[in-house]
2 protein chains.
Amino acid sequence: MTKQPRRIGIADVASRAGVSLATVSRVMNGSFTVDRGIAARVRAAAEDLQYHPNPLGRSLALGKSETIGILVPDLANPMFQAVLRGVSMAAARDGYRVLIADSSETSSEEHVLASDARRRGDGVVLCAPRMSDEELEALAPTLQPMVLINRTLSGAAPTLTVDYADGIRALAEHLFAQGHRKLVFLSGPESSASNRLRLQGLEQFTAEHPEVSLQILPGGVSFASGHGAVHDVLATQATGVLAFNDLVAMGLLSGLHEQEVSVPGEMSVTGFDDIEFSAYTSPPLTTATVPLNELGEQAWQRLHEMLHPSAEGTAVESGAAAGTVFPTTLQVRGSTGPVPGA
Amino acid sequence: MTKQPRRIGIADVASRAGVSLATVSRVMNGSFTVDRGIAARVRAAAEDLQYHPNPLGRSLALGKSETIGILVPDLANPMFQAVLRGVSMAAARDGYRVLIADSSETSSEEHVLASDARRRGDGVVLCAPRMSDEELEALAPTLQPMVLINRTLSGAAPTLTVDYADGIRALAEHLFAQGHRKLVFLSGPESSASNRLRLQGLEQFTAEHPEVSLQILPGGVSFASGHGAVHDVLATQATGVLAFNDLVAMGLLSGLHEQEVSVPGEMSVTGFDDIEFSAYTSPPLTTATVPLNELGEQAWQRLHEMLHPSAEGTAVESGAAAGTVFPTTLQVRGSTGPVPGA
DNA sequence: GTGAAAGCGCTAACAG
DNA sequence: CTGTTAGCGCTTTCAC
């Protein structure tokens, strides 16, 4: 364990190369206004000393760190993992890193986590923040530049949303077409905007199909909540259940299996998101596909534009809230089928 | 879009409160050597101005950022997601944030990614780095403090590994006990240390059971590679296949299903890792459980100790390579069964 | 108890 | 083309 006396800095390189700090800085930043010979000498010195500029000092001087933050409600959820991955990959391509902040579905933590993540980087993406509209609105100005995923905020920031209403409607219509008339929706967190959108979609659906009975059961976001809802679901006598997301659907599937309720023979189940695993459950899950990775990549794209405003209308577009809503696509697999006795 | 003239800093608070910068700093850091009245005035000013110390300036002055980096080979892999999550949660509990670096299985990128992540924070955890031993050894000193997951390095850093050899052996023994004598191993990346350990375990297994034929097929780490291996696997006439990990096993499962090969009727399949979804495939996957989250949490624990050396023997323990090897546990589910015709 | 000043490591005018 | 100097925003001796 050889203890390095002190981290070597730009000054060490400067003195070793017999030049000033400024020159070293110039060389390290690829400035072409440096004599070839000197530059070579500096590079050699840097090499010898194994010198790498300290990003902190650099960031402080430049006023930017080429780092962005991302706030997610729950890193355990594959949906957010996919978005994170999209953001991370896209940002990396442009030389940016990402700092993660997981609020563990605790909306009261979001404020401080988001602020911190923002202050340590050049921007932030808020993924499905659970905080109230008022809080978000108050926080927004201090977070700029930022982009919002699964949440809207008039004019404050670029917004990437998913057409959850349409997606759940499509799922419900699919069940309807299979003859189901008694449905259950296992709802997500009240604080989730995407859950509200699903509820809107279902409202429209029921309005268009008065003969359908739709019961809403409090649910959750995880396997466990789906698994735990089995008895309540069975008690409703429904033949089709729309789960808040794939995880809940999978938990339910597993619970139904334990109760020896056959899917889709006796009951049809749908998920939402189409996380990678949905294709591998038994039976494979009928769900609504959300372009998760693309959501993340687009989020970075927007942030990138704000960070480096380029010539064209981008300024106009992204300066205000350039909202994009991603469509979902119905993915019919084995977990849904005709209503029993049809 | 009201543009803030300039981010408000400590100086603004100081002048507003009519004190010096030093005093503000003291108050913000909870120093008790400040007059109660003054302190209150400062706090009020900070509140009014919505002042929050700039972490960058702070970090530069203090020489630490309360941030750590983590390098993973592939953020798309649930195995690494689980570890990341463990690290992130544990670090967050101690007030630390994590910066992620995804090398996309490109070992040539690891060097620069790891260095950067390290320099931006106070330490780094390298998760299953793919780089060569020589490279790792050369890099290690510049990365301290760091902790290694799924990789060993004599004396250089705390090391957290999994007993992959024993795990795969247990899986093979399980198949053996079910009567299987013709097995296939779908191997992982050559550069993966955990893959080498699996191979060692299998070597021991075949040595103990000369009557077993074990064929090794080049595989991969993903669904796709498992799915793509179906024909090669079938061509071997094997009755049991050990996949590198759960993902590969799931891909294989899906491919076998398409070929109408029944599992476990005609073929038994095992995974490795026991990612959350393994319990939900059809049939559910027999696998070896790896304590993924704990691996991440322990990684943070170690790093934390290095960052804040506490009284006791910890120095002795963690200063050198305090290696911990986590055992796996055999998880028998539906994807394995008696050899056909048994 | 509080302020002045030096410094963390680097970049960016501004002179020469 | 290169060196000097002044910060970036904060913490911390060291005097007062």
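The basis for the numbers below is simple: all heavy atoms, side chains too, and nothing from hydrogens, waters or symmetry mates. In the text below, chain A, chain B and the rest are named by the order of the sequence lines, each starting its count at 1.
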How long is the line joining CZ of Arg120(A) and C1' of dG9(D), in whole Å?
-> 14 Å
Picking from dG9(D), dT2(C), dC1(D), which would you name as closest to the side chain of Asp35(A)?
-> dC1(D)
Pick from Thr159(A), Asp133(A), Thr161(A): which one makes a side chain to side chain donor-acceptor pair (under 3.5 Å) with Arg151(A)?
-> Asp133(A)
Against the side chain of Pro53(A), the closest entry in dC10(C), dT2(D), dT2(C) is dC10(C)
Protein-nucleotide distance (Met28(A), atom CE; dG9(C), atom C1'), rounded to Å = 13 Å
Among dG9(C), dT11(C), dT2(C), the one nearest any side-chain atom of Leu21(A) is dT11(C)
Between the side chains of Ser108(A) and Thr106(A), is a donor N or O closer than 3.5 angstrom to an acceptor N or O?
-> no
At under 4.0 Å between heavy atoms, what does Val24(A) touch on the DNA or RNA strands: base, sugar-phosphate, or nothing?
-> nothing
Would you mind telling me which residue lines up with the more 5' stretch of DNA chain C, Leu62(B) or Val19(B), judged by nearest nucleotide?
-> Val19(B)
Whole-Å distance separating the CG atom of Asn54(B) from the P atom of dG7(D) | 18 Å
Could you state the atom-to-atom distance from CZ of Arg41(B) to C1' of dT2(C) in whole Å?
-> 11 Å
Rounded distance in Å - CD1 (Ile10(A)) to P (dC10(C)) | 5 Å
OP1, OP2 of dT11(C) versus side-chain N and O of Arg58(A): anything below 4.0 Å?
-> yes
Kindly say if Asn29(A) contacts the phosphate of dT11(C), meaning a side-chain N or O under 4.0 Å from OP1 or OP2.
-> yes
Check: Arg58(A)/Asn29(A) side-chain N/O donor and acceptor closer than 3.5 Å | yes
Indicate, yes or no, whether a donor-acceptor pair under 3.5 Å links the base of dG9(C) to the side chain of Arg119(B).
-> no
Do Asp74(B) and Ser104(B) get their side chains close enough for a donor-acceptor pair, meaning under 3.5 Å?
-> no
Have a look at Leu56(A) and say if it touches a base, only the backbone sugar-phosphate, or nothing, with a 4.0 Å heavy-atom cut-off.
-> nothing
Send over the distance from Arg26(A) CZ to dT2(D) C1', rounded to a whole Å.
-> 6 Å
Across the strands shown, which category fits Tyr51(A) at heavy-atom distances under 4.0 angstrom: base, sugar-phosphate, nothing?
-> sugar-phosphate
Of all the choices, dT2(D), dC10(C), dC10(D), which nucleotide is nearest to the side chain of Ala61(A) once you look at every atom?
-> dC10(C)
Side chains of Ser192(A) and Ser194(A): do they bring a donor and an acceptor to under 3.5 Å?
-> yes
Grab the CG-P distance between Leu60(B) and dA6(C) for me, whole Å please.
-> 18 Å
Judged by nearest nucleotide, the residue sitting upstream toward the 5' end of DNA chain C, Gly18(B) or Gly57(A), is Gly18(B)
Compute whether any side-chain donor of one residue and acceptor of the other, for Thr324(B) and Arg302(B), lie under 3.5 angstrom apart.
-> yes
What is the nucleic acid contact for Ser25(B), judged by heavy atoms within less than 4.0 Å: base, sugar-phosphate only, or nothing?
-> base
Minimum-distance nucleotide to Ala22(B) side chain [options: dG9(D), dT11(C), dT12(D)] | dT12(D)
N/O donor-acceptor pair, side chain Arg36(B) with base dG1(C), under 3.5 angstrom = no
With respect to the phosphate group of dT2(D), does any side-chain polar atom (N or O) of Thr23(A) fall under 4.0 Å of OP1 or OP2?
-> no
